[in-house]
Amino acid sequence: MDLIIIEGGKKLNGTIDISGSKNASLPMMIASLLTKQTLELNNVPNLSDVETLKHLLRILGSEIVHNNRLVKIKTEKIIHTLAPYDLVRKMRASFWVLAPLIARFGSAEVSLPGGCAIGIRPINMYLKIMEKMNVSYAVENGYVKAKSKEGLRGSKITLDFQSVGCTHFFLMLAVLAKGDSSLENSACEPEVVALGRMLQKMGAKIEGLGTKRINITGVESLSGLSIQVPSDRIEAGTYAIALAMTGGQLKLNNINATEIDILIRALESTGVETYSSNNSISLERKNNPIHSTNIETAPYPGFPTDLQAQFMALMTLSNGVSRIKENIFENRFMHVQELARFGANIELEGDLAIVKGVKCLIAAPVMATDLRASASLIIAALAAKGTTSIRRIYHLDRGFEELEKKLNGCGADIKRIRDA
Ligand code: EPU
């Protein structure tokens, strides 16, 4: 298994071009199953999650040409309607293929995604959406077996929680359902808006994207198109936090700064200076102390749970006490024990982490537990004194394109050792 070695204590200075968004690419690729025509996605990041999804789509019948960051998908015919455990367990988002398979083929069997390191992650709200839209299902042998005998029927649905995945799922079912549908308490994340806008351009009738109520009038069919995947706000946020930790000056290109507004404000309160322009942001930390700042994760436009671990790494070096509350996932603190190996002082009280800043972090061998947790270890290692080794970095490769190249280009010292 690959290993990452980081020589800490170097400031970051330079420019990073932010890649296309993983969490927008995945549902956009899945939605390609809704049409017989070709969907052309530009700016798709080269990540292992994208590879996993390509594999699954090919099994289902898609022809895919992937050239650099351009992915062309054509699914003239669905040839299989079963998404196997082996693929769905690798990546929860694969579960979402259930929606276009039902919409286009009328039935599907998709493995239950199961729990994962960050929480139990049940599927009760997905089942509710299917029930409301005239899809019968059984959960048997670890699979959801779904059928829509008389076709999808539009419906009024209210989510108990603003779930990103359930909003993607609803969009993909309702666009081809008979009649009108509405979703109350829908997620407003930019990735949901990206999927919705793409579906609109394919011919879907959707209103209310980016708000807590989405209305859809079903159409007969959707057409193909060529579209750009938006940039990855979580990748951008991760590098912004890394800069806040190491000090220096960083310019992040290809971003929409308003999408990480809440993070930028939190970083400013830690003492970072920021200057946003049209599609970039510059950040600078001088030699001032890192002021402790409290955060609480929430659905968009709240503080993203996908940046909580990284922000916690930053707070380990603050000049006070920071309170970090996780409101989205019930077990997203796996990084705490690894950050403690650097000498961080963090106490957990249920969904609250109390981080008491220490003077310095000392390098240590650590292990990544999930994708965003691995990013927090990278950030801690960049600021720690000495040489850190990080194991299980396949987690990192799921979501960060060319991380070593990007950080080394700004003065970091990161090496990957293959097959360690
Ligand atoms: N939930 C239920 N029942 C359901 C569905 C969700 O209780 O039927 C709960 C979840 O267990 C969780 C909460 O609702 O506690 C929110 O989960 P959500 O459905 O919004 O998450 P998701 O769609 O599974 C996506 C991202 C995650 C990101 C979350 C929250 C992708 C591929 N995944 O997951 O990204 O953390 O939204 O913003 O888009 C990551 O990229 O590292 C990652 C985990």
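Note that ligands are numbered from 1 as they come in the structure, with each ligand's atoms numbered from 1 the same way.
- Counting only residues at least two apart or in different chains, salt bridge (Lys or Arg N to Asp or Glu O under 4.0 Å) contacts with residues 132-150 comprise Glu140-Lys145.
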Pairs under 3.5 Å, nitrogen or oxygen of ligand 1 with protein nitrogen or oxygen:
from     : atom 1 : to     : atom 2 : distance (Å)
ligand 1 : 3 (N)  : Pro122 : O      : 3.2
ligand 1 : 3 (N)  : Asn124 : OD1    : 2.7
ligand 1 : 8 (O)  : Pro122 : O      : 3.2
ligand 1 : 8 (O)  : Asn124 : N      : 3.2
ligand 1 : 8 (O)  : Asn124 : OD1    : 3.3
ligand 1 : 8 (O)  : Met125 : N      : 2.8
ligand 1 : 15 (O) : Ile328 : O      : 2.6
ligand 1 : 19 (O) : Ser163 : OG     : 2.6
ligand 1 : 20 (O) : Val164 : N      : 2.8
ligand 1 : 23 (O) : Gly165 : N      : 2.7
ligand 1 : 24 (O) : Arg121 : NH2    : 3.0
ligand 1 : 34 (O) : Arg121 : NH2    : 3.4
ligand 1 : 35 (O) : Asn23  : ND2    : 3.3
ligand 1 : 35 (O) : Asp306 : OD2    : 3.1
ligand 1 : 36 (O) : Asp306 : OD1    : 2.6
ligand 1 : 36 (O) : Asp306 : OD2    : 3.4
ligand 1 : 36 (O) : Arg332 : NH1    : 3.4
ligand 1 : 39 (O) : Asn23  : OD1    : 3.4
ligand 1 : 39 (O) : Asn23  : ND2    : 3.4
ligand 1 : 41 (O) : Lys22  : NZ     : 3.1
ligand 1 : 41 (O) : Asn23  : ND2    : 3.0
ligand 1 : 41 (O) : Arg372 : NE     : 3.4
ligand 1 : 41 (O) : Arg372 : NH2    : 2.8
ligand 1 : 42 (O) : Arg332 : NH2    : 3.4
ligand 1 : 42 (O) : Arg372 : NE     : 3.0

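- Counting only N and O atoms by type, the side chains of Ser269 and Thr293 include a donor and acceptor under 3.5 Å apart.
- Side-chain atoms of Thr305 and Thr297 form no donor-acceptor pair, as typed in the model, at a separation below 3.5 Å.
- Between Glu401 and Arg69, at least one side-chain N (NZ, or NE/NH1/NH2) sits under 4.0 Å from a carboxylate O, which counts as a salt bridge.
- Side-chain polar atoms of Asp17 and Asn253 form a donor-acceptor pair below 3.5 angstrom.
- Judged purely by distance below 3.5 Å, without hydrogens or angles, the side chains of Thr35 and Arg104 never pair a donor atom with an acceptor atom.
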